[in-house]
Amino acid sequence: MNSLRLHNTFGGTKDVFEPLEPGLVRMYTCGPTVWNFAHVGNLRAFLFYDLIRRHLRVAGFRVTHVMNLTDIDDRILDQAMHAGTTIEEYIEPYARAFFEDMATLRAQPAEHYPRATEHIPEMVDMISTLIKNENAYIADGDVYFRIASFPAYGALSHLDRAGLKAGARVATDKYEKESVSDFALWKKSQPEDEEIGASWEAPFGRGRPGWHIECSAMSKRYLGETLDIHAGGVDLLFPHHENEIAQSEAANQKPFVRVWLHSEHLFDATGEKMSKSAGGFTTLRDLIGAGHDPLAIRFFLIANAHYRSRLRLSDDALHAAAEQVRRLREFNERVIRTAPAVSDDAGLAQRTAEVRIAYREALDDDLNLPQGVGLVFDHIREANAALDAGRVGPSNKASLLELIDDLDAHLDVIRVEEPGLAEEVERLIAEREEARRARDFDRADRIRDDLRSRGIALEDSRDGVRWRRISPGPVIEAGRS
RNA sequence: GGCGACGUAGCCAAGUGGUAAGGCAGAGGUCUGCAAAACCUCCAUCCCCAGUUCGAUUCUGGGCGUCGCCUCCA
């Protein structure tokens, strides 16, 4: 029985989710504009997509997930121009970096990563249709969407044109628009555009696509005219998603999206929204360079706060996340290596079963991973106590491992393969054991301290010495790019 | 100016009309050669005021505060 409920931005209610085609979810998510490295705020949104995707699969759906790469826009044009490269040459390192970052953060790959410049014909087709239907018009070589032709405009964002800030708003496009709110579908080629490979032929004149049309055209190409889920950061709500609706519904005469999902912003330590254009922003590379563990960063971004809550990036929060990841991994390893007691603890079995159900319910309730994680941590304390007391039987052990599986299906930070044991670490541990047996504790402690300073912590236990990786030294505030 | 969100312990954060999950940090303890890990104990009445209610942190209204969108932006 599917009981997944999602908060639909359109309408603002939490509804049981059912895809159009039973069992298959068609999902489109707004990906990066590859004009620069993604910052952690961008990555929060991308990991949110990953969370949706993972939980849809937990809930039993097959998922076709499309995430676009915007490889043409004004910023890319500017940068390529300055760099003296084509736009294709300019974006490539950033596109590569995007995929690297996603892999570092263990995001599951989408089924398709279409690039705007590889789908110009689809966009041209759609624009032609819009012109034919009089939803768009040509003005001095540019093509604009005629918002007046689409009465439902504003329904998603609840911004009606009358309420738009009067006077202070400067139209950034050209002047021949019928209305200031009309947005560009196609921009006439400038001479420089040709040199950097940013110009295409079209029936309505040589030029390049506006930003919004790519998502309408590419989602249709890969997922059809009606999507089950369309997700993005809240900053895309207006105008981007509003414009997508207008374009797609005007062109296709079909409902565009059934459920809109928007993730909240990430804020920096000063409380300012992280934004590329605002200047200061932190990249994944910055955080890793400052000594933060990618798994902790992943945990922080998806589990520290609900996706519709604002999240503030701070060293403390990252450290807390790292500790939580550490505890989870520690617990997992402990359960795995524990030889089961002869009999099971009925109370523990009962509680584990309850927590597994409650965890699933939390995720089914609009992807409330923070709550789910809290439930599991609560139970881990009880389970650890049972382990201390040797009360964990074979069935207990198996269900605890299943609980970890449940959690890691979303988190994916627990059962992550560590790089193989460094032989040197093992050798030093053996050396230290020898020293300890000889009661040469000075030498033993020296070895332990030495390893610690190199990011390896040792723990003595009844079952022998264990080691694990830790963040080397105190981490510093990430630099700005 | 329009639209909207938020304000829960030192920090992060979940949540419900019936007296508040979890994590980090901190204090004490058990265990340990010492540690670490783990466990135990301690650590909030939910911005303010008024109202509805048997009862509100959770509903309504007002206030104060913070922030987002309205322009490129995940």
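Lettering follows sequence order; numbering is per chain, from 1. Values below: all heavy atoms of this structure, side chains included; hydrogens, waters and symmetry mates excluded. Treat the numbers as computed from the prediction; the structure is a model and nothing was measured.
- In the interface, the side chain of A:K273 is not paired with the base of B:C67 through any donor and acceptor atom under 3.5 Å apart.
- In this structure, B:C24 and B:G10 make a Watson-Crick or G-U wobble pair, each of the two defining distances being under 3.5 angstrom.
- The CG atom of A:L236 sits 15 Å away from the C1' atom of B:C70 (whole-angstrom rounding).
- Side-chain proximity of A:R327 to the nucleotides B:C24, B:A74, B:A37 is greatest for B:C24.
- Of the nucleotides present, none pairs with B:C43 by Watson-Crick or G-U wobble criteria with both distances under 3.5 Å.
- Summarising the base pairing, B:G4 is matched to B:C67 through a Watson-Crick or G-U wobble pair whose two defining distances lie under 3.5 Å.
- Listed pair A:R381 / B:G22 meets the phosphate criterion, a side-chain N or O lying under 4.0 Å from OP1 or OP2.
- Within 4.0 Å (heavy atoms only), A:R326 reaches sugar-phosphate atoms of the nucleic acid but no base atom.
- A:D235 comes within 4.0 angstrom of a base, heavy atoms only.
- Residues A:H262 and A:H241 bring their aromatic ring centres within 6.0 Å.
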- Item | Protein proximity profile, nucleotides 30-36 of chain B - base contact B, sugar-phosphate-only contact S, no contact -, cut-off 4.0 Å on heavy atoms | ---BBBB
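- Between A:A341 and A:R391, the closest heavy-atom pair is CB-C, 4.3 Å.
- Applying the side chain to side chain donor-acceptor pair (under 3.5 Å) test to A:R334 and every residue at least two apart in sequence or in another chain returns A:N384, A:D388.
- The ring of A:Y144 has its center no closer than 6.0 angstrom to the ring center of A:F183.
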Strictly under 3.5 Å: I want the nitrogen or oxygen pairs between protein and nucleotides 4-14 of chain B, one per line.
residue: B:G4; atom: N2; partner: A:R310; partner atom: NH2; Å: 3.2
residue: B:C12; atom: O2'; partner: A:N304; partner atom: OD1; Å: 3.3
residue: B:C12; atom: O2'; partner: A:N304; partner atom: ND2; Å: 2.5
residue: B:A14; atom: OP1; partner: A:H306; partner atom: N; Å: 3.2
residue: B:A14; atom: OP1; partner: A:S309; partner atom: OG; Å: 3.3
residue: B:A14; atom: O3'; partner: A:N368; partner atom: ND2; Å: 3.0
residue: B:A14; atom: O2'; partner: A:Q371; partner atom: NE2; Å: 3.2

- Message: Using the rule given for salt bridge (Lys or Arg N to Asp or Glu O under 4.0 Å), can you reason through A:R327 versus A:E330, listing the C-alpha separation, both sets of side-chain angles and the distance that settles it, and then say yes or no?
- Response: CA-CA 5 Å; A:R327 289 201 66 185; A:E330 194 97 26; over 6 Å; no
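- Remark: side-chain polar atoms of A:T283 are paired, donor with acceptor, to backbone N or O of A:D286 under 3.5 angstrom.
- Atom CD of A:E426 sits about 5.0 Å away from atom CD1 of A:I429, to the nearest 0.5 Å.
- Checking B:C34 for Watson-Crick or G-U wobble geometry (two distances, each under 3.5 Å) identifies no partner in any strand.
- Nucleotide B:C59 forms a Watson-Crick or G-U wobble pair with B:G51, both donor-acceptor distances falling under 3.5 Å.
- The partner of B:U16 is absent, by the rule that a Watson-Crick or G-U pair needs both atom distances under 3.5 Å.
- Residue A:N42 places at least one side-chain N or O under 4.0 Å from the OP1 or OP2 atom of B:A74.
- For A:W35 and B:C73, the CH2 to P distance is 11 Å, given to the nearest whole Å.
- Note on A:G372: nothing from the nucleic acid sits closer than 4.0 angstrom, heavy atoms only.
- Along RNA chain B, the nucleotide closest to A:E272 and the one closest to A:L43 are compared, and the more 5′ of them pairs with A:E272.
- Contact annotation for A:Y49: backbone-only contact, meaning every heavy-atom pair under 4.0 Å involves sugar-phosphate atoms and none involves a base.
- Under a 3.5 Å cut-off, the side chain of A:D408 and the backbone N or O of A:I414 do form a donor-acceptor pair.
- Along RNA chain B, the nucleotide nearest A:G41 and the nucleotide nearest A:G374 are compared for position; the residue whose nucleotide lies closer to the 5' end is A:G374.
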